[in-house]
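Just the heavy atoms: all of them, side chains too, but no hydrogens, waters or symmetry mates, feed the values below.
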Amino acid sequence: MMKGYLRNNGKKGIRNATLVVYLVECAKHVASKIVDSFDNDSVQLVGFSGCYPNDYALDIMTKLCTHPNVGSTLIVSLGCEGFNREALANAVKDSGRPCSTLVIQQNQGTAKSIVKGKEIVAEQLNSLASTPLVDLEISDIVVGTICGGSDGTSGITANPAVGSCFDHLIDHGATCMFEETGELIGCEDVMIDRAANQVVAANILGAIEKAEIYYQKMGYGSFAPGNAEGGLTTQEEKSMGAYAKSGRSEIQGVIKPGEAPSGKGLYLMDVVPDGEPMFGFPNIADNAEIVEMIASGCHLVLFTTGRGSVVGSAISPIVKVCANPETYENLSDDMDVNAGKILLGESTINETGQEIVNKVIDVCSGKKSKSEQLGHQEFVLTYKRFNHEEDSKLTLKHKGDALC
């Protein structure tokens with residue numbers, strides 16, 4: 001039986017993390033020293049480097065600090081940055097979690113702030129020791145998936161195996177999400193055919209068309225040189241491989257980073273910012289995408305890779321699914337599931353999908369993923385802009401108008 005940490009709003013977490021949050025790069029050193037002083041993987045460092053305010057960054061950080069996997073937060077501020085620390089602190093306190101703010105300019109600088117921060121975190125850890133554990137069902141969990149370092153095997157092994165896992169989890173009441181709309185350009189018709197209703201279909205089409213325009217203006221698509229070196233020949237081939245992670249379930253809605261799914265089932269995350277390109281590429285690294293999925297409530301994230309990746313994350317475990325036997329043999333210490341067995345005829349897609357389901361249950365039950373065992377806690381949060389009211393106005397106008 002899986003157990004979860006019960007929060008005041010009834011949500012259940014699979015981890016009980018204490019976050020030390022820096023609000024500008026100038027405060028990162030102090031925050032890092034506080035985290036490093038604890039030999040405890042549940043004390044984790046996250047933060048925002050920019051000095052200028054950004055509604056997206058505040059929203060994502062608020063969702064992270066009130067995530068079910070998080071039990072308490074220490075906010076570390078230099079004191080003059082643009083981040084709205086009061087709004088963040090109030091949101092965390094309103095969630096019922098212990099939350100303290102440490103302003104370096106008001107605490108006599110680096111050394112004294114580190115001492116004070118260590119005292120606060122120690123108190124929070126003592127408080128979290130009494131967090132109640134309750135039964136956790138598959139229907140309680142939210143699971144995301146992304147791919148990174150894709151190659152010619154990703155779309156025929158790891159990605160469809162994750163899709164099979166998604167189908168099983170959703171059949172048992174879980175909530176799942178996939179994203180990478182820049183890589184799903186060209187897949188809009190097949191996704192529209194799976195939309196739960198016309199509004200969802202219109203939102204899928206809107207997200208893909210926005211991604212196409214955005215990447216055209218940036219002058220660079222979602223196809224890296226490493227993809228070609230790994231055997232992928234076209235954007236279309238990469239897109240269909242990425243699409244395979246979604247499985248076969250009906251798509252219940254389209255969400256933006258930080259938005260929680262409105263119900264159970266499968267959701268598409270629209271990660272491309274609204275409006276004209278302002279802050280560069282939609283996501284500068286895999287970890288930026290992972291952070292967005294966690295901010296939307298993911299208890300864990302399934303990461304498929306053909307070329308190989310070693311990343312993990314703060315807050316929610318990353319479970320890596322390797323697409324081919326050569327990469328798995330080379331990086332077996334970092335990989336949780338070897339989908340390369342499918343290529344060797346030693347497993348089927350559905351059997352590997354069940355293996356991933358079993359791994360999800362193990363990790364939700366407290367067993368550490370490989371990235372957790374190795375201490376990976378990467379974190380990236382950048383500037384973006386979203387209009388969260390825009391999608392409700394969309395209607396389906398497309399060459400096929402399949403659901404009209």
Side-chain angles (χ1 to χ4, degrees), residues 1-4 14-15 136-178 230 241-249 265-266 286 290 293 298-313 316-374 376:
M1 175 68 73
M2 297 188 293
K3 295 287 185 180
I14 65 171
R15 298 293 185 267
L136 180 75
E137 308 291 340
I138 287 180
S139 58
D140 292 321
I141 64 174
V142 183
V143 180
T145 185
I146 76 160
C147 51
S150 298
D151 71 358
T153 65
S154 299
I156 56 177
T157 60
N159 291 357
V162 166
S164 174
C165 166
F166 265 22
D167 292 340
H168 181 93
L169 293 174
I170 291 169
D171 286 345
H172 287 77
T175 303
C176 297
M177 64 181 75
F178 68 112
Y243 169 75
K245 298 197 303 298
S246 65
R248 300 177 183 273
S249 302
L266 181 66
D286 294 329
I290 289 171
M293 303 203 100
C298 286
H299 289 90
L300 61 84
V301 176
L302 302 173
F303 188 116
T304 66
T305 181
R307 299 301 306 279
S309 174
V310 300
V311 302
S313 177
S316 294
I318 305 304
V319 174
K320 289 199 284 293
V321 182
C322 187
N324 64 76
E326 289 79 12
T327 301
Y328 183 82
E329 181 177 357
N330 188 38
L331 294 172
S332 58
D333 288 345
D334 289 270
M335 299 296 157
D336 296 278
V337 176
N338 178 15
K341 290 184 295 185
I342 298 171
L343 290 179
L344 302 176
E346 298 172 356
S347 179
T348 66
I349 287 173
N350 288 336
E351 288 170 348
T352 304
Q354 185 59 53
E355 184 180 350
I356 300 170
V357 170
N358 295 339
K359 184 64 67 177
V360 168
I361 293 172
D362 286 346
V363 172
C364 287
S365 299
K367 185 175 181 178
K368 290 186 176 182
S369 69
K370 290 289 185 67
S371 60
E372 286 182 295
Q373 294 172 27
L374 293 164
H376 283 283

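- Asp151 and Thr153 form a side-chain donor-acceptor contact under 3.5 Å, judged by distance and modelled atom types alone.
- Side-chain contact between Met293 and Ile146: present, with at least one pair of heavy atoms (C-beta onward) separated by less than 4.5 Å.
- Glu351 CD to Glu355 CD: the interatomic distance, rounded to the nearest 0.5 Å, is 9.5 Å.
- Residue Ile290 holds its CD1 atom at 11.5 Å from CG of Leu300, rounded to the nearest 0.5 Å.
- A pairwise comparison of heavy atoms in Pro325 and Leu343 identifies CD-CD1, 3.9 Å as the closest pair.
- Asn350 and Ser164 share a donor-acceptor pair across their side chains, judged by distance under 3.5 Å alone.
- A 6.0 Å sphere centred on CD of Glu329 holds no more than 12 heavy atoms belonging to other residues, nucleotides or ligands.
- A distance of 8.0 Å separates CD1 of Ile14 from CG of Leu136, quoted to the nearest 0.5 Å.
- Legend: residues meeting ring pair (Phe, Tyr, Trp, His ring centres under 6.0 Å) with His168, ordered by chain and number and at least two apart, are His172.
- The closest donor-acceptor contact from the side chain of Glu346 to the backbone of Lys341 lies at 3.5 Å or more, if one exists at all.
- Distance alone, capped at 3.5 Å, is enough to place a donor-acceptor pair between the Asp167 side chain and the Arg248 backbone.
- Counting heavy atoms from C-beta on, the side chains of Val142 and Met177 come closer than 4.5 Å.
- Distance alone, capped at 3.5 Å, places no donor-acceptor pair between the Ser309 side chain and the Gly148 backbone.
- Side-chain contact, Thr352 with Ser347: a donor N or O sits under 3.5 Å from an acceptor N or O.
- Put simply, SG on Cys165 and CD1 on Ile170 are 9.0 Å apart, with the number rounded to the nearest 0.5 Å.
- Listed by chain and residue number, nothing satisfies the salt bridge (Lys or Arg N to Asp or Glu O under 4.0 Å) test with Lys367 (two or more places apart in sequence, or in another chain).
- Electrostatic pairing of Glu372 and Arg15 counts as a salt bridge here, judged by a charged N lying under 4.0 Å from a carboxylate O.
- Within the 3.5 Å criterion, the main-chain N or O of Gly306 finds a donor-acceptor partner in the side chain of Thr327.
- Taken from CG in Asn358 to OG in Ser365, the straight-line distance is 10.5 Å, to the nearest 0.5 Å.
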Can you give me every donor-acceptor pair (side chain of residues 332-340, partner residue at least two apart or in another chain, under 3.5 Å) with its distance?
residue: Asp336; atom: OD1; partner: Lys370; partner atom: N; Å: 2.9
residue: Asp336; atom: OD2; partner: Lys320; partner atom: N; Å: 2.8
residue: Asn338; atom: OD1; partner: Gly340; partner atom: N; Å: 2.9

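- Heavy-atom minimum distance, Asp286 versus Cys147: OD1-O, 4.0 Å.
- Of all heavy-atom pairs spanning Cys298 and Ser316, the tightest one is O-OG, 2.8 Å.
- Side-chain contact, Asn330 with Glu326: no donor N or O sits under 3.5 Å from an acceptor N or O.
- Remark: the backbone N or O of Ala323 is not paired with any side-chain donor or acceptor of Ser154 at under 3.5 angstrom.
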Side chain to side chain contact (heavy atoms under 4.5 Å, CB included) between Ile141 and Val360, intermediate numbers included: CA-CA 10 Å; Ile141 64 174; Val360 168; 3.9 Å; yes
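- Rounded to the nearest 0.5 angstrom, Leu302 CG and Leu169 CG are separated by 8.0 Å.
- Taking both residues in full, the closest heavy atoms of Ala161 and Ile342 are given as CB-CD1, 4.4 Å, listed atom of the first, atom of the second, then distance.
- In this structure, Val143 and Phe166 approach most closely via the heavy-atom pair O-CZ, 3.8 Å.
- Here the side chain of Ser369 pairs no donor or acceptor atom with the backbone of Val319 at under 3.5 angstrom.
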Side chain to side chain contact (heavy atoms under 4.5 Å, CB included) between Thr157 and Asn324, intermediate numbers included: CA-CA 8 Å; Thr157 60; Asn324 64 76; 5.9 Å; no
